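Notes to accompany the following structure.
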Amino acid sequence: MAKKSISEKRAERERQENQTLQRVFNVFLLGLAAEVYLFIVYRGYVAGSVGSMLVWHQLLRWGSWIGLAAAVAGAGVGWWKREDKKLRTIMTWVGGVGAFLFVSGWIITHFFSNGQGVTTMCILVPILAVLALVYLLYQHECFLCTAALAGSMFTVWVRGAAADSGTWKVPVLVGTVVGAVVLAAAAYLVRKAQAEEGKLLKIRVFSVECDYRILYAGLGVGFVGVAAALVVPAVAYYLMWVLGIALFAELAYYTTKMM
């Protein structure tokens, strides 16, 4: 195979950069659209009249089931027709929107008191949008570390908020345990990838120059934070500050590394 000329390499790099910028722009628009939708839901479901609340409750319930069907169909058809790039892209959008409708509808209708469900979704959407941007713009190891610390912060916040709840105390307790297990499993997979020079199942997941010490530190801080909140929910507020500082330091490290 003939080597590509400098102009061809430059054109290919510019094309990849344009694709990345387009994806970043799409993520921004999706996050904005989701927040606008949640604002409308809040106005009609939480701050509206009794009649408006009942109507929105039915809409959200039906929307969650329709969303679940769309998510399953999008994932199934997208995988079945994965060789068709155009159809796969369309089904990815269908599945993503469906998953959002299902998750948001379920959370909002089950955490209705004081608008906790809408508040939770309004926090989750920016977190997921930022994680998507990190995935597109940074190395995969940065994404994993950021996801671990951000997920730990969210888990700690939910654990502290639901500590005195008679209804959700046990489900949140179970979810916190699951979160700790997921962090431990992620550390195990990182160990396997390190042994295989950044690959899992022969697929490259981390860059060759990956600093595994940062990954282990991020996962370790997240695990300790979640475990501490699990045992002593009252320290959740202080743990969120610790995790937030760790998250900022980690992102600053990877940003400096890219320069």
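If you're wondering where the values come from, they're calculated on a predicted model, not measured in any experiment.
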Looking at every non-hydrogen atom in both residues, tell me the closest pair between [X] and [Y] and how far apart they are.
| X | Y | answer |
| --- | --- | --- |
| Cys145 | Gly218 | SG-CA, 3.7 Å |
| Cys122 | Glu35 | O-OE2, 3.1 Å |
| Ala71 | Ala99 | CB-N, 3.7 Å |
| Ala162 | Val172 | CB-CG2, 3.6 Å |
| Val94 | Ala70 | CG1-O, 3.8 Å |
| Ala129 | Val27 | O-CG1, 3.7 Å |

Can you check whether [Y]'s main-chain N or O pairs, donor with acceptor, with [X]'s side chain at less than 3.5 Å?
| X | Y | answer |
| --- | --- | --- |
| Ser64 | Trp106 | no |
| His57 | Met53 | no |
| Arg159 | Ala229 | yes |

[Y] side chain reached by [X] side chain, heavy atoms, under 4.5 Å:
| X | Y | result |
| --- | --- | --- |
| Phe206 | Glu197 | no |
| Thr119 | Ile123 | yes |
| Gln139 | Lys257 | yes |
| Leu87 | Met91 | yes |
| Leu183 | Val226 | yes |
| Thr89 | Trp93 | yes |

Look up atom [atom1] in [X] and atom [atom2] in [Y], then write down how far apart they are to the nearest 0.5 Å.
| X | Y | atom1 | atom2 | answer |
| --- | --- | --- | --- | --- |
| Cys142 | Asp211 | SG | CG | 12.5 Å |
| Leu173 | Lys169 | CG | NZ | 8.0 Å |
| Thr255 | Glu250 | OG1 | CD | 8.5 Å |
| Leu219 | Ile214 | CG | CD1 | 11.5 Å |
| Arg204 | Lys199 | CZ | NZ | 5.0 Å |
| Tyr45 | Thr109 | OH | OG1 | 5.5 Å |

Open item on the list: Tell me whether the count of non-hydrogen atoms from other residues, nucleotides or ligands lying under 6.0 Å of OH in Tyr212 goes above 12.
Closed with: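 Count over threshold, so yes.
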Open item on the list: Please check if the number of heavy atoms outside Tyr253 that lie under 6.0 Å from its OH is greater than 12.
Closed with: yes
- [ ] Under the side-chain contact (heavy atoms from CB on, under 4.5 Å) rule, what do Ile66 and Leu101 come out as? Steps first, then yes or no, please.
- [x] CA-CA 8 Å; Ile66 293 173; Leu101 290 175; 5.8 Å; no
If two hydrophobic side chains count as joined below 4.5 Å and joins carry through other members, does [X] share a cluster with [Y]?
| X | Y | result |
| --- | --- | --- |
| Val224 | Ile245 | no |
| Phe248 | Leu251 | no |
| Val24 | Phe143 | yes |
| Met121 | Ile127 | yes |
| Leu124 | Val156 | yes |

Open item on the list: Whether the Ser104 and Tyr37 side chains hold a donor-acceptor pair (N or O, under 3.5 Å, no angle test) is what I'd like checked.
Closed with: no
Open item on the list: Can you confirm whether the side chains of Asn18 and Gln22 place a donor and an acceptor under 3.5 Å from each other?
Closed with: no
- [ ] State yes or no: are the ring centers of Tyr254 and Tyr138 separated by less than 6.0 Å?
- [x] no
TODO: Could you pull out all residues at least two apart from Trp157 that satisfy ring-ring contact (aromatic ring centres under 6.0 Å, His included)?
DONE: Phe154
Task: Audit row: Tyr216, Gln194, side-chain contact (heavy atoms from CB on, under 4.5 Å) steps and yes/no - done: CA-CA 11 Å; Tyr216 289 128; Gln194 182 181 12; 2.7 Å; yes
Open item on the list: Walk me through whether Leu144 and His140 qualify under side-chain contact (heavy atoms from CB on, under 4.5 Å).
Closed with: CA-CA 6 Å; Leu144 175 60; His140 289 171; over 6 Å; no
